[in-house]
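All chains are named by letter (A, B, ...) in the order of the sequence lines, taking the proteins before the strands, and each is independently numbered beginning at 1. All heavy atoms count here, side chains included; hydrogens, waters and symmetry mates do not.
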Amino acid sequence: MPGVPSLDRPPAGPITSQLGRRDPAYLDGLNPEQREAVLTTEGPLLVLAGAGTGKTRVLTTRIAHILTTRLARGAEILSVTFTNKAAREMKERIARLVGSSVEGMPWLGTFHSISARILRRHAELVDLRSDFTILDTDDQIRLIKQLLEAENIDEKRWPARQFAGMLDTWKNRGLLPRDVSEADAGFFANGRGRKLYADYQARLKVLNAADFGDLLLECIRLFRDNPDVLAEYHRRFKYMLVDEYQDSNVAQYLWLRLLAQGKPASEANLCVVGDDDQSIYGWRGAEVDNILRFEKDFPGAKVIKLERNYRSTGNILSAASHLIAFNESRLGKTLQTDVAEKGETVSVTSVWDSEEEARSIGEEIEQFQRKSEPLNSMAILVRASFQMREFEERFITLGLSYRVIGGPRFYERREIRDAIAYLRVVANPSDSLSFERIVNVPKRGLGDTTIRTLMETARHQNAPLTAATRMLIETEELKPKQRTTLRELLGQFDAWSERARGIPHAELAEQILDESGYTAMWQNDKSPDSPGRLENLKELVRSMEEFETLGGFLEHISLVMDRDTVDAEDAVSIMTLHSAKGLEFDTVFLPGWEEGLFPSQRTMDELGRAGLEEERRLAYVGITRARKRARISLSQNRRIHGLWQSALPSRFLDELPADAVEVKDTGSSYGGYGYGGATASRFNKMDPFESVYETPGWQRAQRQQASRKSAGPMTIDGELVARSVNDPGSSSAFKLGETVLHLKFGHGKVSGVEGNKLTIDFETAGRKKVLDSFIRKA
DNA sequence: GCTTTCGGGATTTTT
DNA sequence: TCCCGAAAGC
């Protein structure tokens, strides 16, 4: 192991000096704070790592340090991440540092994969068998639908999706059926929410299954009810590390606390790393509070702030820091850079509509491309995925290669889930849900009636679906045709299970797909996406080869829903702000900075001030993704759900520091009479427009104006929503030739009406195209 | 049992 | 506006 310090050093005591005269190579290049975070191995430690401050480096180096100084072996370190991607990355980096394989770190993984591992070992203690199935959202919803039907609950009125969402929320909070308050559960299906939850859990046990939430909850139950088991893990884990701690939810917190209880809280060797300013998953149950109160939970915890940013230019950091400072609930960090160069200013560009936004960003990208900037170094980060389409369309026209990150995941595709269902039944014939999924896929002439009979028998006999089917085909209960079909299908499954022992599982999968008629089903399908589906199936078989056993592959599938898109092609990335966390690019485009879209109105409605702060953190995440250039844009008009809506500039724009920001105006690009300047005004304190339209009075006026128009536009936080141009009942209240007043452009005469878009000749500003919601009669 | 049509809904997303 | 998922028709 060249370059790695010898393994027989004495355990590290307080900091460097005892490590020997010369520091080990892995500490090279760490700044003092990072180094301290690595070397403070004993006791609780909170590392607050701002964006781009080398968080992952600290984590991996810390583990490398523990390993090389022999404080613990790999198997004695618990290190938890949220995503499989992060876990994979850490494994790779530790391997690079320590120079050996990572096989020795069995407890590095996500909360869920580690929980699954623990549960399989002690399954019988939580009423499961060790081969329990892990349900994903899709399975979960199918199961809930069955329950709703059994309870005679109208699925139209009480959608299974909604209940799945509630279950998720409860499980995130660590609530069992008995803990759910009536108030919480009561409204669903007229007070049957709690019973449904209990029924659902009972059903899971019958199916020998656990959903994602259960992986954690059952683990918590296991630890609480079996102190001896918990003690075993206390002895095992000498060091615990948690990445992205700001994203942890209540259940994960409880899980962690139990595991940390082996010692008094003030002595726990627990290191959590995170950034309260990057907590963007509150809507999914993450509790920023976990990180905010770490010091209370673990008295005497050391807190180390990493504030030196190695990623972005001064202007970008200044913009991000200035913005995030508007949040009240934060621990407070300030990013600093050693680089004297401030770099390019952050630009804010106002455009007429989202089409122009896509066009101008496309042009800019082409310019960069001409200057030999790789497309890989550029990204477009949007708030909501519907914004992506406009860019895709534009880039296709331009012939600009792009890739969409996120989006429908590979393992969620129908053909993949079907194929997996076949494999699951082969691996575990009592997997009723999977059997049910594919029993009539491809179509085998088994309808509702047949399947219902199967399920009822299974319920009466308290047996898995396959076993029930086996029984039924020996009776006269089914029609001869169906009986034969089922007998043949079961025969096929028997044959496959038999073969599973003899041949490689990838090969087996191929045979199953062919012999079941599944491949043929898509080959005969004329729809345009069937070739893609066949391609995906091939890809699935290919990816199976990487696994030793079928079981190993299926476990991976259930827990690792992401797929590495190792895409060599040079392309611009398009993704949501959420999926951009943890990534970085030279140039980042941030479109759609408009009130209602970003910050999202819905978040603010649902979570109030906390929601606004989370949106602001999202903006912070977005800006800090940029190394050299951040380009913000906003559109004055946006079509959402087919409705034209006028938009006000995002309040976040006001929170950017004037000296790091440059306001551009492409108003002219809309046929020469674009409605530009409104944004500029937000940075120009002389302009009356800004001061006026933000006052409560102006907003009230707008609201009144809105309510006066019958069936008129809705009000969004005091802002008028533009009406559809196509809506005949909503032609503008303004007439040609009428004299009007615009808050920015002053007096003018209406020279054109097009739905609620008006062309107006202003006395001073000339001809402009504006929305009527910005206009008052003079 | 399979295909068409209608209606409702429409952020962010991992495991 | 557009897409997806459940009832009606063949």
Side-chain angles (χ1 to χ4, degrees), chain A residues 80-87 109-116 134-141 145 154-157 159-162 165 168 171-172 210-217 244 247-249 251-252 279-286 381-390 405-409 411-412 414 440 442-451 481-482 527 555-562 575-582 592 596-607 611 614-615 617-619 621-622 638-645 724-727:
Chain A
V80 199
T81 62
F82 277 82
T83 65
N84 294 290
K85 197 176 154 217
T110 62
F111 276 103
H112 296 269
S113 64
I114 292 171
S115 295
I134 299 168
L135 299 193
D136 59 33
T137 329
D138 210 76
D139 300 322
Q140 206 184 3
I141 285 176
K145 278 186 182 163
D154 182 12
E155 219 250 296
K156 279 263 174 61
R157 209 153 147 228
R161 281 210 158 276
Q162 190 190 344
D168 199 51
K171 291 189 174 185
N172 283 159
D211 63 22
F212 287 125
D214 280 351
L215 292 178
L216 284 154
L217 283 193
E244 306 277 19
D247 286 340
S248 61
N249 60 35
Q252 287 156 343
S279 159
I280 55 175
Y281 286 107
W283 51 274
R284 207 167 73 184
L381 310 183
V382 297
R383 175 62 183 81
S385 39
F386 71 79
Q387 293 172 259
M388 292 179 181
R389 213 179 70 196
E390 205 102 38
I405 313 246
R409 271 170 296 285
Y411 294 121
E412 276 168 23
R414 184 149 64 115
N440 197 35
K443 300 271 182 305
R444 297 190 172 91
L446 303 168
D448 272 358
T449 353
T450 316
I451 290 166
K481 197 165 152 245
Q482 276 77 6
S527 68
E555 181 82 352
H556 168 85
I557 285 285
S558 327
L559 290 168
V560 184
M561 298 301 276
D562 64 340
M575 69 186 94
T576 62
L577 287 161
H578 283 93
S579 35
K581 196 169 86 169
L597 175 61
F598 191 40
S600 147
Q601 189 58 47
R602 194 153 152 187
T603 303
M604 293 190 293
D605 289 346
E606 282 168 14
L607 299 157
E614 181 153 315
E615 293 286 306
R617 292 192 290 265
L618 207 45
V621 167
R638 194 171 285 277
R639 212 168 48 172
I640 295 176
H641 312 325
L643 278 180
W644 276 100
Q645 298 193 172
S724 168
V725 180
N726 305 320
D727 183 357

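Note on A:G213: nothing from the nucleic acid sits closer than 4.0 angstrom, heavy atoms only. Among the protein residues, A:E606 comes within range of the nucleic acid bases, having at least one heavy atom under 4.0 Å from a base atom. When heavy atoms are screened at a 4.0 angstrom cut-off, A:R389 is found touching the sugar-phosphate backbone but no base atom.
Straight-line distance from the CG atom of A:N249 to the P atom of B:dT13: 18 Å, rounded to whole Å. The CE atom of A:M388 sits 16 Å away from the P atom of C:dC3 (whole-angstrom rounding). Going from atom CG of A:D138 over to atom P of B:dT13 covers 18 Å, rounded to whole Å. Rounded to an integer number of Å, the gap from CD1 of A:I640 to C1' of C:dC2 is 14 Å. Rounded to whole Å, the distance from CG on A:L215 to P on B:dT15 is 12 Å. Summarising the geometry, the separation between NE2 on A:H578 and P on B:dT15 is reported as 15 Å, rounded to the nearest angstrom. One atom, CG of A:L577, and another, C1' of B:dT14, lie 17 Å apart when rounded to the nearest Å. Rounded to whole angstrom, the span from the CZ atom of A:R414 across to the C1' atom of C:dG5 amounts to 12 Å.
Here CZ of A:F212 is found 11.5 Å from NZ of A:K171. Values are rounded to the nearest 0.5 Å. Taking CZ of A:R284 as the reference point, atom CG of A:N249 lies at 9.0 Å (rounded to 0.5 Å). Atom CE in A:M388 sits 9.0 Å away from atom CG in A:L381 (nearest 0.5 Å).
Nucleotides B:dT12 and C:dG5, compared at atom P, are 16 Å apart to the nearest Å.
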Report all interatomic pairs (protein N or O, nucleotide N or O of nucleotides 6-10 of chain C) with separations under 3.5 Å.
unit_1: C:dA6; atom_1: OP1; unit_2: A:K145; atom_2: NZ; d: 2.7

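Using a 4.5 Å heavy-atom cutoff, the side chains of A:L577 and A:I280 are not in contact.
Side-chain proximity of A:S579 to the nucleotides B:dT13, B:dT15, B:dT12 is greatest for B:dT13. Comparing B:dT12, C:dC2, B:dC2 against the side chain of A:T576 picks out B:dT12 as the nearest. Among B:dG1, B:dT13, B:dT14, the nucleotide with an atom closest to any side-chain atom of A:T83 is B:dT14. The side chain of A:A384 has B:dT12 as its nearest neighbour among C:dT1, B:dT12, B:dT15. Between B:dT12, C:dC2, B:dT15, one nucleotide has an atom nearer to the side chain of A:T110 than all others, and that is B:dT15. The A:F212 side chain lies nearest to B:dT15 when the options are B:dC2, B:dT12, B:dT15. Here the side chain of A:H112 is nearest to one of B:dT12, B:dT15, B:dT14, namely B:dT15.
Stacking between A:F111 and B:dT15 is absent: the ring centroid is not both under 5.5 Å from the six-membered base ring centre and under 30° in plane angle.
Ring planes of A:H578 and A:W283: perpendicular class, angle over 60° (limits at 30 and 60°).
The shortest distance between the side-chain N/O atoms of A:N84 and the OP1/OP2 oxygens of B:dT14 is not below 4.0 Å.
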